[in-house]
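Read through the structure below, which is laid out as structure tokens, and then see the notes.
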Amino acid sequence: MSDSVATNTSTALGAAPTFDQFGLAADILKAVRESGYTTPTPIQAQAIPVVLAGRDVMGAAQTGTGKTASFSLPIIQRLLPSANTSASPARHPVRALMLTPTRELADQVAANVQTYSKHTPLRSTVVFGGVDMNPQSDALRRGVEILIATPGRLLDHVQQKTVNLGQVQMLVLDEADRMLDMGFLPDLQRILNLLPKERQTLLFSATFSPEIKKLASTYLRNPQTIEVARSNSTATNVRQIVFEVHESDKSGAVAQLIRERELKQVIVFCNSKIGASRLARVLEKDGIVATAIHGDRSQSERMQALDAFKRGEIEALVATDVAARGLDIAELPAVINFDLPFNAEDYVHRIGRTGRAGASGDALSLCSANERKQLADIEKLIKRPLEVEPLEVTMRARRDGATSAPRRDERFGRSERTEHRHGSRDEAGSRRRTAGTHDRPRGRQQPIDEFFLKPYEPSPSAMKRQEETVEPERKSAPKQPLAALLGGLGMPRKSS
DNA sequence: AAAAAAC
């Protein structure tokens with residue numbers, strides 16, 4: 001409770017802060033107003049004064065808390081006094097650098113910065129991989145004060161000498177934990193070594209792991225810690241339900257949930273790229289407009305998918321964890337976990353796509369017998385048990401192949417449910433609009449509970465079947481020189 | 001185990 005400012009505007013509910021209290025320039029406030037924001041979020045209320053004061057920040061905030069504005073607005077403010085209207089590129093050196101782990105996130109942060117700075121003379125641009133370098137190089141050569149980037153492409157530009165980082169006064173590391181997870185540490189170190197030592201550094205991370213603390217102690221100076229929602233907790237306005245389903249029923253379950261709950265727009269998370277593509281195809285066949293977004297799709301496909309989803313042209317965006325963090329899609333009513341993530345933290349990030357900015361949302365997760373470990377990990381992380389209920393999948397998902405763990409659970413009794421899966425293709429197709437919408441299976445007890453209680457153990461016949469049917473995995477050549485990557489890990493190079 | 005990110 002650091003409320004030295006708002007004493008005379010306080011109400012019964014306490015201070016009702018406004019953006020006016022921060023002393024931001026009129027041109028910035030105008031842009032904020034035009035964006036429709038009137039009241040700062042908690043992270044904004046805390047971070048903006050600290051950033052304006054020039055201090056380093058170690059911020060823990062869930063996405064959807066208004067984090068981007070919490071650093072963008074004060075950075076724009078601090079750059080403003082020396083903003084230059086000259087056309088000369090030399091008058092527009094990069095003075096603020098913002099790094100993000102994924103291309104989509106970079107693009108989104110850049111859009112925010114663009115919005116908030118539109119009435120100022122400040123220029124900004126974004127660079128990330130997967131797209132032509134030339135337009136980026138042109139923009140950099142024309143000069144920008146604010147640069148948003150993913151690390152790899154930024155280093156590429158550094159090498160091409162299309163950008164100079166020697167005058168950066170402010171650095172933002174957004175989703176820093178994610179960047180470390182993704183092996184960006186060596187790249188980050190290279191970039192940090194190019195920056196002036198005299199600078200302001202803002203580090204945002206979902207968690208303060210030992211690795212993050214080490215990064216902070218190496219590169220931040222006397223940072224102010226700002227924590228809004230306890231990390232690893234989940235928003236209370238997100239209703240979380242776990243549905244027990246057989247692995248092979250998952251596609252049908254997704255389609256059924258979308259239909260039954262009349263979900264207009266939903267992100268469905270899968271653990272694998274192949275699984276995401278397959279599920280998107282299956283949903284399409286079931287008449288749900290779906291598109292997959294993952295790292296094996298081209299950048300233009302990724303951007304098109306996201307744009308179409310934002311425009312409301314797509315009902316189901318089937319995604320890998322490329323979309324788990326940071327993406328801000330307005331008023332998403334629900335997310336579905338087709339697979340439970342291997343990493344419990346990713347669960348928190350995934351469900352953070354719904355229930356944003358105070359709206360309520362549903363996080364619906366499918367859990368098969370072989371995912372109990374992940375479920376337990378998640379409950380441990382969020383420190384509470386999740387509501388688990390059986391889901392009878394009445395929709396016949398056609399030729400359900402959309403699973404990363406094929407047929408591992410065939411042994412579980414499904415005799416009384418197989419009838420749903422034996423209809424002919426046409427029959428299933430003709431009833432798919434209505435199937436699952438009126439028979440409510442909720443009350444009926446299924447023997448499905450049973451397999452959650454027993455440790456998973458494939459039957460000998462299932463094992464045999466798998467050996468026979470599963471193709472030996474093809475090992476692809478390593479995509480990057482691992483030794484080079486390992487060289488930089490864990491040991492920050494001494495720079496001073 | 002899987003995903004992401006520079007060419």
Side-chain angles (χ1 to χ4, degrees), chain A residues 99-108 126-134 136-137 140 148-163 173-191 206 247 267-279 292-299 301-303 306 318-327 337-350 368 370-375 377 402-406 408 456 466 470 473-482 484-486 488-489:
Chain A
L99 298 178
T100 72
T102 67
R103 299 164 181 175
E104 279 77 9
L105 190 51
D107 206 30
Q108 184 179 287
V126 59
V127 302
F128 51 73
V131 294
D132 193 354
M133 268 190 95
N134 290 325
Q136 299 178 355
S137 301
L140 289 171
I148 300 94
T150 50
R153 178 55 69 90
L154 177 63
L155 284 169
D156 214 350
H157 279 290
V158 167
Q159 214 160 11
Q160 310 266 326
K161 301 219 190 304
T162 42
V163 69
L173 302 174
D174 197 12
E175 307 273 356
D177 52 341
R178 184 62 155 189
M179 286 201 272
L180 294 192
D181 286 349
M182 288 167 59
F184 274 138
L185 182 60
D187 284 353
L188 288 184
Q189 288 172 332
R190 253 170 250 140
I191 292 166
E247 187 68 43
I267 298 183
V268 187
F269 286 104
C270 298
N271 283 358
S272 74
K273 293 181 276 200
I274 290 173
S277 287
R278 275 191 202 141
L279 178 60
I293 180 169
H294 57 66
D296 276 355
R297 303 204 73 195
S298 73
Q299 194 55 36
E301 287 172 325
R302 281 163 62 165
M303 292 194 283
L306 198 56
V318 187
T320 59
D321 281 320
V322 68
R325 299 196 188 202
L327 292 193
N337 286 308
F338 179 87
D339 298 306
L340 287 180
F342 292 116
N343 189 338
E345 247 165 47
D346 285 333
Y347 174 83
V348 179
H349 288 288
R350 288 178 178 187
S368 69
N370 47 0
E371 289 178 297
R372 278 165 300 177
K373 165 93 168 67
Q374 283 112 292
L375 180 59
D377 286 349
T403 141
S404 46
R408 291 255 297 264
Y456 172 67
Q466 246 191 304
V470 174
E473 202 176 309
R474 236 176 266 156
K475 295 274 180 233
S476 56
K479 283 178 197 143
Q480 45 191 340
L482 191 60
L485 209 71
L486 290 172
L489 275 173

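Note that the coordinates shown come from a computational prediction; the quantities given were computed from them, not determined experimentally. Proteins come first, then strands; the chains are lettered A, B, ... in the order of their sequence lines, and each starts at number 1.
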OP1 or OP2 of [N] under 4.0 Å from side-chain N/O of [X]:
X	N	result
A/Lys273	B/dA4	yes
A/Thr150	B/dA6	yes
A/Arg302	B/dA4	no
A/Thr320	B/dA4	yes

Regarding A/Arg178, tell me which of base, sugar-phosphate or nothing describes its non-hydrogen contacts under 4.0 Å with the strands shown.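 No contact.
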Can you measure [X] atom [atom1] to [N] atom [atom2] for me and round it to whole angstrom units?
X	N	atom1	atom2	value
A/Phe269	B/dA1	CZ	C1'	19 Å
A/Leu99	B/dA4	CG	P	20 Å
A/Arg278	B/dA2	CZ	P	12 Å
A/Leu180	B/dA5	CG	C1'	14 Å
A/Phe338	B/dA1	CZ	P	20 Å
A/Asn271	B/dA4	CG	P	11 Å
A/Tyr347	B/dA3	OH	P	21 Å
A/Asp181	B/dA5	CG	P	14 Å

Taking A/Asn271's backbone N and O only, do any of them form a donor-acceptor pair with A/Asp339's side chain (distance below 3.5 Å, no angle check)?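 It does hold such a pair.
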Between A/Asp107 and A/Arg103, does any side-chain N to carboxylate O distance fall below 4.0 Å?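 Not counted as a salt bridge, because no side-chain N and carboxylate O are separated by less than 4.0 Å.
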Under the salt bridge (Lys or Arg N to Asp or Glu O under 4.0 Å) rule, collect the residues that match up with A/Asp156, sequence neighbours excluded.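 Partners of A/Asp156 under the salt bridge (Lys or Arg N to Asp or Glu O under 4.0 Å) test: none.
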With side chain to side chain contact (heavy atoms under 4.5 Å, CB included) as the criterion, how do A/Thr100 and A/Thr150 come out once you've worked through the C-alpha distance, each side chain's angles and the decisive distance to 0.1 Å? CA-CA 5 Å; A/Thr100 72; A/Thr150 50; 4.0 Å; yes
Report the nucleotide, chosen from [options], that has the shortest atom-to-atom distance to any side-chain atom of [X].
X	options	value
A/Gln159	B/dA6, B/dA3, B/dA5	B/dA6
A/Phe128	B/dA1, B/dA4, B/dA6	B/dA6
A/Asp346	B/dA6, B/dA4, B/dA2	B/dA2

For A/Asp181, all residues meeting side chain to side chain donor-acceptor pair (under 3.5 Å), sequence neighbours excluded: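 Partners of A/Asp181 under the side chain to side chain donor-acceptor pair (under 3.5 Å) test: none.
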